[in-house]
Amino acid sequence: MTSVDTGDARPPSEPPKNGHHDLIVVANRLPVDRKVAADGTTSWVPSPGGLVTALEPVMQRNAGAWVGWSGSAGEAPEPFEARGIRLIPVMLDEREVEEFYEGMANSTLWPLYHDVVARPQFHRSWWESYEQVNQRFADRAAAEAAPNALVWVQDYQLQLVPQMLRRLRPDLRIGFFNHIPFPPYELFAQLPWRRRVLEGLLGADQLGFQRPADANNFLRACRRNGLSTRRGMVQLPGEPRFGSPDHHPRREVNAAAFPISIDARAVQELAERPEIQMRAKEIRRELGDPRVVLLGVDRLDYTKGILHRLKAVEELFEDGDLEAQDAVLVQVATPSRERVDQYQKMRQDVEVTVGRINGDYGKIGHPAVHYLHQAYGRDELAALYLAADVLLVTALRDGMNLVAKEYVATRYDEGGALVLSEFAGAANELPQAFLINPHDIDGMKAQIMRAVHVTPKEAQRRMRAMRRRVFDHDVARWASTFLKVAASAVEPNAVASVSPGDLPTDTGAIRLPVRPGPRPDVLDRARRALPPGLVDDVEGFAMHPSLLVALDFDGVLAPLTAKPELSRMLPEARSQLGALVHVPGVRLALVSGRSLADLRAIADPPPGTMLVGSHGAEFSDPIGGGAASAELDDDRRALLAKATEELQKLSAQHDRTWVEMKPTGVVLHTRQAEAEVAAAATKAALKGVGSWPGVHVTMGKEVVELSVVEVTKGTALAALRQALGVGAVMYVGDDVTDERAFDVMSVDSGDVSVRVGDGDTLARHRLRDPEQVATLLGLLVDLCRE
Ligand code: GDG
């Protein structure tokens, strides 16, 4: 029996008096800073930071209370109201600021949780201070909370509060959200107090993380410490009952991903104000009307990859890809944690680098980098976002990164381009950004230049998809989703009053649809054979209770051949699909440009696989095994007949091309023709039938598809998702036509998109060949069977 102590079933020796707030947020900082004016008067101003930006609207709407530190050492002010929120200050003395805040929080946990990009320091006195301060926050929240209130504890500074609070007030429902990543166990294990941290967190009913991978890391840490987990629920053994061989019933704690967001509408409304638009124009003028404005907005923090970004930009100036006359980087670096050594060192490095770039590449009146070590108002930030052609988010590790989402929400004009680190949580949701690995300087340079040169149409397509995601999943939705699941947590006292034998199978605890985590050896093996980022995402994907795995056939499951009729699925892929199709909750589909009949004959998939042919115009009936295709009205049928006739004529004039007829379209194949003939035939088809009204063109590999109904693999995938009501989708494709599918992947954090082979893509991951796809399927089978 493990001795993990989560504060269960321990009535407080002296129950504190109940307060009267039904919703309490407990966070390290209050959402304000105290400003002292020259005449000595004090006022409170909103303070910058992701957390404040995220929670303010929710708190205002719920008339809740916020328990936090005011930001200055010494006596805490009395509770007060600011921006419609009841603020309850907690005191930190000078030593606690050093040991709890600058020490344990910002010099131990922050670097440890951000992949150790700086070296974490471990000091026992800091830990003691961390415990003391956490207790103070817990005491204060316990005193303010109404009976059965919901208390939402925020972030890594307060990981012990849930357990402390549960001991003081077993009646409360407790949620905890971690704004920063939760590290892989191999790193977390460095923490001398790792077990205490786990116990602290497990005092909550509901734990929220930014990405599925973070929730998984947490669940794995629990397992490594002797707890069992099932479907995202950590199972806590109960306390022994006094004088009885029984135990109190166990409690279950759920850990899941709740990616945070922004108040997108408010951000857009600000950007639409005429004075902000004028200011944006003025900023460009003040910068000397350059052709390209690159922008970075970050707290000056080593996790944000500012030095990596500067290196890439410096090399672009050096290579002549950017010229200081017509390109400029504006870097807003908001002062942050200025008393912490690592931050001082980092500031020096950034400033030396900016100085060097300007010395080498600036011109009189045209510095290459405008470096602004200042905090700005939201108005000015909005104008900067509007003025920027490209926003650079190059974090080495970032829980989410709200700046990326703010930029997207600001761009109501659907302009601008986002370069986004794949190590920011936001990359899970915004795969249409120009994704980069900030450690790969050449790759980052190439992506920055792609973003600089993107056509307005392409930029608009990407921005539109990203905006859809950010507006659909805004902060109100984030908060209400989290609060809803946290609020539905079982009342602990009620559970504690029944004996284990009486417990219903469903204790009423929140059961989020999450599968248990995999064995580490499965993942280690997979990481040797597949890109590690893909393995992480698949791990999160496999946790959804209902999945759709959809794959193109040619080039994905079967190697490409000169003669398509000879295509065969790799045996390894077939055997994995055969296993996958039997996993409860998993639906399997092949989505191909081939006609349905052709696909069925050539692919010969395991029974139970759904088939989508002709790019979505035909689909098999998943239950009955029959087939259906889009119904054509008389006009369309006539159009198709005319198009077929015309294309057949054209094919007759071009050697070794041929025409394939499909129920809703007609296809010109040029694969076997001489290159020049193929090009001429393609051109003629596009200029001719392809330009007719009502005819929709899809370009494939050496095929021109002309359809009289507008279907794409994208519409097919969206329809499948809706019809099956699945939680997350994996799509693997190799062709330009598959890009339409990647484009509709509702970018739900669980979706996984994979492109096989080269070529520009919207997919988040890339694999070399069908052999690797088979390996990926094997991983998925392993994860789903766990
Ligand atoms: C943590 C996690 C996670 C910045 N400079 C100014 C200013 N800001 C605002 C931005 C944005 C916020 O601060 C920064 O949020 P981020 O998400 O980018 O980063 P962190 O501060 O590190 O936040 C992060 C976040 O928590 C939420 O969970 O996304 O991963 O590290 O809103 O606009 N705002 C103003 N002036 C500035 O100069 N007004």
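First listed ligand is number 1; within each ligand, the first listed atom is number 1.
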> Once the angle between the rings of Phe209 and Phe182 is folded into 0 to 90°, is it parallel (under 30°), tilted (30 to 60°) or perpendicular (over 60°)?
Replying inline: perpendicular

> If you measure from the Lys or Arg side-chain nitrogens to the Asp or Glu carboxylate oxygens, is any gap between Arg477 and Asp474 under 4.0 Å?
Replying inline: no

> Which word best sums up how the rings of Phe100 and Phe137 line up, parallel for under 30°, tilted for 30 to 60°, or perpendicular for over 60°?
Replying inline: tilted

>> Below 3.5 Å, N or O to N or O, backbone or side chain included: is there any such pair between Phe177 and ligand 1?
In response: no

>> Quick check on contacts: which atoms of ligand 1 are under 4.0 angstrom from a heavy atom of Gln210?
In response: 3 (C), 28 (O)

> With a 4.5 Å limit on heavy-atom distance, are the side chains of Trp127 and Val197 in contact?
Replying inline: yes

> Counting heavy atoms only, which part of Thr334 comes closer than 4.0 Å to ligand 1: side chain, backbone, both or neither?
Replying inline: side chain

>> Once you restrict to heavy atoms under 4.0 Å, what part of Met400 touches ligand 1? Side chain, backbone, both or neither.
In response: both

>> Checking side-chain polar atoms at under 3.5 Å, does Tyr343 have a donor or acceptor matched by the opposite partner on Arg337?
In response: yes

> At a non-hydrogen distance cut-off of under 4.0 Å, which region of Asp398 contacts ligand 1 (side chain, backbone, both, or neither)?
Replying inline: both

> Can you list the atoms of ligand 1 that are under 4.0 Å from a heavy atom of Arg378?
Replying inline: 39 (N)

>> Need the ligand 1 atom indices (1-based, order shown) with element for anything under 4.0 Å from a heavy-atom of Lys304.
In response: 18 (O), 19 (O), 20 (P), 22 (O)

> Near Ala375, which atoms of ligand 1 are under 4.0 Å from a heavy atom of that residue?
Replying inline: 38 (O)

>> Is the contact between Trp110 and ligand 1 made by the side chain, the backbone, both, or neither, using heavy atoms and a 4.0 Å cut-off?
In response: side chain

>> Please list, in number order, the atoms of ligand 1 under 4.0 Å from a heavy atom of Arg299.
In response: 20 (P), 21 (O), 22 (O)

> Side chain, backbone, both or neither: which part of Asp298 has a heavy atom under 4.0 Å from ligand 1?
Replying inline: neither

> Gly399 to ligand 1: N or O pair under 3.5 Å?
Replying inline: yes

> If you count the atoms of ligand 1 from 1 in the order shown, which ones are under 4.0 Å from a heavy atom of Leu381?
Replying inline: 6 (C), 7 (C), 33 (O), 34 (N), 35 (C), 36 (N), 37 (C)

>> Side chains of Gln331 and Asp298: any donor to acceptor distance under 3.5 Å?
In response: yes

>> For His439 and His308, take the angle between the two ring planes, folded into 0 to 90°, and tell me which bin it lands in: parallel under 30, tilted 30 to 60, perpendicular over 60.
In response: perpendicular

> His114 to ligand 1: N or O pair under 3.5 Å?
Replying inline: no

> Relative to the ring of His123, is the ring of Trp126 parallel (under 30°), tilted (30 to 60°) or perpendicular (over 60°)?
Replying inline: perpendicular

> Excluding sequence neighbours, so at least two apart, what forms salt bridge (Lys or Arg N to Asp or Glu O under 4.0 Å) with Glu102?
Replying inline: Arg339

> Touching ligand 1 at all, Glu380? Heavy atoms, strictly under 4.0 Å?
Replying inline: no

> Relative to the heavy atoms of Val403, which atoms of ligand 1 are at a distance of less than 4.0 Å?
Replying inline: 10 (C), 18 (O)

> Taking the six-membered ring for Trp, are Tyr371 and His373 parallel (under 30°), tilted (30 to 60°) or perpendicular (over 60°)?
Replying inline: parallel

